[in-house]
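Below: one structure, written as structure tokens.
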Amino acid sequence: MSGNFLVYIDQFKGQALPTSWEVLSAAHYLAEKLGGSIYALALGEASQAVAEMAYQYGVEQALYCDDPSLADYRPEPYTALVSKIAQEKGVGVLLFPTTSRGREVAAMCAVDLQGGVMPDVTELEVVDGKIIATRPVYAGKLLAKAVCDVEPAIITTRVRAFKKPQGDASRAGVAQRVDAVMAEGDIRTKVTGYAQAGGGVSLTDANVIVSGGRGVSNNPNLTPPADMDEKQAEIWRAQQGFKLVGELAAVLGGAVGASRAAVDAGYIPYAHQVGQTGKVVSPDLYIACGISGAIQHQAGMRSSKIIVAINKDPDAPIFKLARYGVVGDLYAILPPLTEAFRKRLGK
Amino acid sequence: MNIVVCVKQVPDSAAKVVAEGGRVTWGDAPLVLNPWDEFAVEAALILQEATDANVTVISVGGESTKEALKTALAMGCGQAILISDPALEGADSRAIAQVLSAAIQKIGDVDVAFFGKQAIDGDMGVTAAQTGRFLGWPVLSLASTIKLEGDKLVIERSIEEGRQIVESKLPAVISVSKDIGEPRYPSFMGIRKASRANIPVWSLADLGIHAPTPLVRWPDVVNPPAREVKTEIITGDSPQQIAEQLADKIMEEKVL
Ligand SMILES: Cc1cc2nc3c(=O)[nH]c(=O)nc-3n(C[C@H](O)[C@H](O)[C@H](O)COP(=O)(O)OP(=O)(O)OC[C@H]3O[C@@H](n4cnc5c(N)ncnc54)[C@H](O)[C@@H]3O)c2cc1C
Ligand SMILES: Cc1cc2nc3c(=O)[nH]c(=O)nc-3n(C[C@H](O)[C@H](O)[C@H](O)COP(=O)(O)OP(=O)(O)OC[C@H]3O[C@@H](n4cnc5c(N)ncnc54)[C@H](O)[C@@H]3O)c2cc1C
């Protein structure tokens, strides 16, 4: 591999997604081994300030484009511009964060640039001048060592797999504006708005996740309002349980996760689901409450650093992954646990 | 209106998958329709019901892949095509996308091509976007609702920040999120029809293309390092006592 590095900084309405900076660590590692300059690029509304933040993490040049045609993310005009810049700057490796936008633009740039794409990479090595990218496959049951035989190599890094580099505020610079490639009239889609639904759940970035499963609805001591039918009463119970889960998450500064059983039963929106058909997370602390630990759930949380399980059933498979376990009723354990952390963390 | 759904056959999500000598094995675990692709089939059938469209399900794979195609037929897809060619051994995502785009063009007059979010074996989540790029069609990923209004599609798509609402001209590529709704079960009639279906097989020559050169290889596949966890079960006389001990232990891990 030779040539320069292009790092795509993913942003939304002027806010960089935190995992974007982690990509710069990966770029620095590769640049040290292979030589070449690092360029950073941010696109969209208010992208200039975002691009300029990259200077503190050490880049040769930051680029941005805030053309009205790029105000909202659309894959076609974004890809066209990223591909053009990669060609102009002699880029041998493009790096993206594995966000919904990053993954998509990476995939499409690979078509434009006749490059190879290696998404969701957790580790990089350079051996004999070749990049070897480690990618979890089969829901993390295996690790593939992927190699791209051509230039450019296109890599997306898994959230939290690379450490955010140390920033140095004294390194500042002015980002260079680049022009859009596609005219509005040639773009076949239009973004007409945004809706919140399920938004604001930032599971993949979270340092701490407290998750609830089917067990959160299991508290016979709760008396639901009299006018509810059985299903409504179950959901009502689950909501009381998720309140306890949420309170612990709040004290720990974390996010709330859930099993598919909890989502399918209507206890909590899908945006919270962890697992094979939900989100793949790797927080430093994962607390599973009333979750049995089915293989598909494990697929989403197995790489968490410290796993804690609270479950009534001593034989629940989740205990096999857990560093700490409590065999007991989550309704009894969670309130004093929240209180214990409140004291210790001074909240 | 013509709809295509692209599906993959994968080892069951509960399969015990292990690497042996750099190769992937899953014992006698069953091969199934990729779970995310069930949502793609569901979305296609919802659109079909609204428009009376033709739904063709296609897959690139070996002979066994006909079973996954039959599952989609049993759910309600109209016809199935298998694309199979020994030259596709070791194909990377870009190559598969190129083959799918050639197949979609050969089917002809396709208005929408549906995809799943991701295949649960390769876990790449890129094939929809790459196929769309080859076709030169708009890519609408992670759709949670899909409506046809006149000659344009109105889609809500899941993004990190919530939902983005997008209008698109046809033809388009759509990948489908779980929010579309539970996939239907195959009907009894559907299963009977599928079991009798004669699924045509297209080779690369039928598509009029050469095997695309793979640009990415995966020379080694390894088992992840065993997770050395010693589980410590916290016990005590009261929930309070257990909670205090557990909190102390977690604080000592210095993860907070
Ligand atoms: C293709 C496919 C994809 C899937 N994808 C996912 C996925 O992405 N994520 C996912 O999570 N699952 C997924 N699943 C489902 C998975 O197989 C399990 O069914 C699911 O994870 C079970 O959820 P659960 O642990 O909450 O429920 P259960 O397995 O019912 O476990 C509930 C647990 O709560 C405990 N409990 C009950 N009451 C209490 C109490 N008061 N206090 C403490 N503990 C209590 C019980 O002992 C039990 O262990 C998938 C399945 C398939 C086939
Ligand atoms: C261990 C291993 C590692 C690999 N690493 C890489 C790599 O780093 N880079 C690379 O380019 N390739 C890689 N591949 C190859 C890649 O997995 C396949 O080319 C695959 O077809 C595309 O990736 P995916 O299965 O993850 O599909 P995804 O992109 O996750 O699939 C998304 C959707 O596309 C559709 N789709 C996918 N495959 C097919 C198909 N065969 N037929 C019809 N529709 C389909 C389905 O709707 C699916 O839901 C790897 C393969 C293996 C076995």
Side-chain angles (χ1 to χ4, degrees), chain A residues 12 17 75-76 99-100 103-104 107-108 110-111 115-120 136-150 188-199 252 270 276-277 284-285 295-296 305-306 319 321-327 332-333 336-337 340-341 344, chain B residues 13-14 17 19 24 35-36 92-94 97 120-126 129-130 133-134 138-139 141-142 156 158-169 178-179 215-224 227 229 231-234 239-240 242-244 246-247 249-251 253 255-256:
Chain A
F12 185 73
L17 275 70
E76 293 77 22
T99 56
S100 62
R103 194 195 286 264
E104 185 164 79
M108 291 166 68
V111 174
V117 66
M118 299 176 283
D120 219 10
V137 291
Y138 295 86
K141 290 174 196 169
L142 300 178
L143 302 174
K145 307 275 181 182
V147 180
C148 175
D149 289 320
V150 294
R188 298 172 57 84
T189 57
K190 205 159 76 198
V191 174
T192 57
Y194 291 89
Q196 252 309 310
L252 298 175
Y270 168 59
Q276 184 138 35
T277 46
D284 289 338
L285 176 62
I295 191 159
Q296 297 93 349
K305 199 157 158 201
I306 302 287
F319 285 119
L321 292 185
R323 176 68 187 92
Y324 301 107
V326 176
V327 179
I333 303 292
L337 188 59
F341 279 117
R344 283 163 180 78
Chain B
S13 64
V17 182
V24 184
W36 290 108
D92 64 357
S93 68
R94 196 176 178 283
I120 67 164
D121 51 358
D123 274 340
M124 308 240 322
V126 299
Q130 293 193 314
R133 196 68 179 164
F134 275 115
V139 174
S141 52
L142 303 179
E156 268 187 43
S158 305
I159 56 172
E160 279 80 356
E161 297 79 14
R163 299 264 174 92
Q164 188 191 45
I165 303 156
V166 193
E167 288 179 8
S168 174
K169 295 186 180 146
K178 212 185 153 183
D179 287 318
L215 308 179
V216 180
R217 292 175 293 127
W218 42 102
D220 202 12
V221 181
V222 299
N223 297 304
R227 217 191 136 89
V229 275
T231 308
E232 193 176 329
I233 300 289
I234 313 286
Q240 281 70 22
I242 294 173
E244 293 287 331
L246 179 58
K249 297 277 187 193
I250 293 172
M251 294 302 289
E253 297 283 353
V255 288
L256 292 173

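Quick note on labels: first sequence line is chain A, next is B, and so on, each numbered from 1.
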**Item:** Toward chain B, the part of Pro336(A) with a non-hydrogen atom under 4.5 Å
**Value:** both
If every non-hydrogen atom of [X] is compared with every non-hydrogen atom of [Y], which pair is closest and at what distance?
X: Val191(A); Y: Gln164(B); value: CG2-NE2, 3.5 Å
X: Met108(A); Y: Ala129(B); value: CG-O, 3.5 Å
X: Lys145(A); Y: Pro219(B); value: O-CD, 3.2 Å
X: Leu17(A); Y: Glu160(B); value: CD2-CG, 4.0 Å
X: Ile295(A); Y: Ala14(B); value: CG2-CA, 3.7 Å
X: Ser141(B); Y: Glu104(A); value: OG-OE2, 2.6 Å

Among the listed options [options], the residue most often paired with chain A at heavy-atom distances under 4.5 Å:
options: Ile234(B), Asp179(B), Val17(B), Val126(B); value: Val17(B)
options: Arg94(B), Gln240(B), Lys249(B); value: Arg94(B)
options: Asp121(B), Leu256(B), Leu142(B), Ile120(B); value: Asp121(B)
options: Ala247(B), Pro35(B), Ala19(B), Gly125(B); value: Ala247(B)

Euclidean distance, [Y] [atom2] relative to [X] [atom1], rounded to 0.5 Å:
X: Met118(A); Y: Ser93(B); atom1: CE; atom2: OG; answer: 10.5 Å
X: Glu253(B); Y: Arg323(A); atom1: CD; atom2: CZ; answer: 5.5 Å
X: Thr189(A); Y: Lys169(B); atom1: OG1; atom2: NZ; answer: 9.5 Å

Quick check: does any side chain N or O of [X] sit under 3.5 Å from a backbone N or O of [Y], one acting as donor and the other as acceptor?
X: Arg133(B); Y: Ala110(A); value: no
X: Glu76(A); Y: Val139(B); value: yes
X: Arg163(B); Y: Tyr194(A); value: no

**Asked** With sequence neighbours left out, what residues match Phe134(B) under ring-ring contact (aromatic ring centres under 6.0 Å, His included)?
**Response** none
**Atom group of Asp220(B) that falls short of 4.5 Å from chain A, counting heavy atoms** = both
**Engaged part of Arg227(B) at the chain A interface, taking heavy atoms whose separation is under 4.5 Å** = side chain
**Asked** Does some side-chain heavy atom of Asp149(A) sit less than 4.5 Å from a side-chain heavy atom of Leu215(B)?
**Response** no
Output the option from [options] having the highest count of non-hydrogen pairs under 4.5 Å with chain B.
options: Val147(A), Asp120(A), Leu321(A); result: Val147(A)
options: Thr277(A), Asp284(A), Leu142(A); result: Leu142(A)
options: Ala146(A), Ser100(A), Ala139(A), Ala340(A); result: Ser100(A)
options: Pro136(A), Pro75(A), Ala332(A), Ala322(A); result: Ala322(A)
options: Leu143(A), Ile333(A), Val137(A), Thr192(A); result: Leu143(A)

**Request:** Give the C-alpha distance, both sets of side-chain angles, the deciding distance and a yes or no for side-chain contact (heavy atoms from CB on, under 4.5 Å) between Ile250(B) and Phe341(A).
**Result:** CA-CA 10 Å; Ile250(B) 293 172; Phe341(A) 279 117; 3.8 Å; yes
**Asked** Can you list the residues that meet the side chain to side chain donor-acceptor pair (under 3.5 Å) rule with Tyr270(A), with sequence neighbours excluded?
**Response** none
**Fill in**
Result for side chain to side chain contact (heavy atoms under 4.5 Å, CB included) between Tyr324(A) and one of Leu246(B), Val229(B), Thr231(B), Ile233(B) points to Leu246(B)
**Asked** Could Glu167(B) and Arg188(A) be called an ion pair, given the rule that one side-chain N must be under 4.0 Å from one carboxylate O?
**Response** no
**Prompt:** Can Val117(A) and Val216(B) be said to form a side-chain contact (heavy atoms from CB on, under 4.5 Å), step by step?
**Reply:** CA-CA 7 Å; Val117(A) 66; Val216(B) 180; 5.9 Å; no
**Test log, rule side-chain contact (heavy atoms from CB on, under 4.5 Å), inputs Ile242(B) and Val326(A)** = CA-CA 8 Å; Ile242(B) 294 173; Val326(A) 176; 3.8 Å; yes
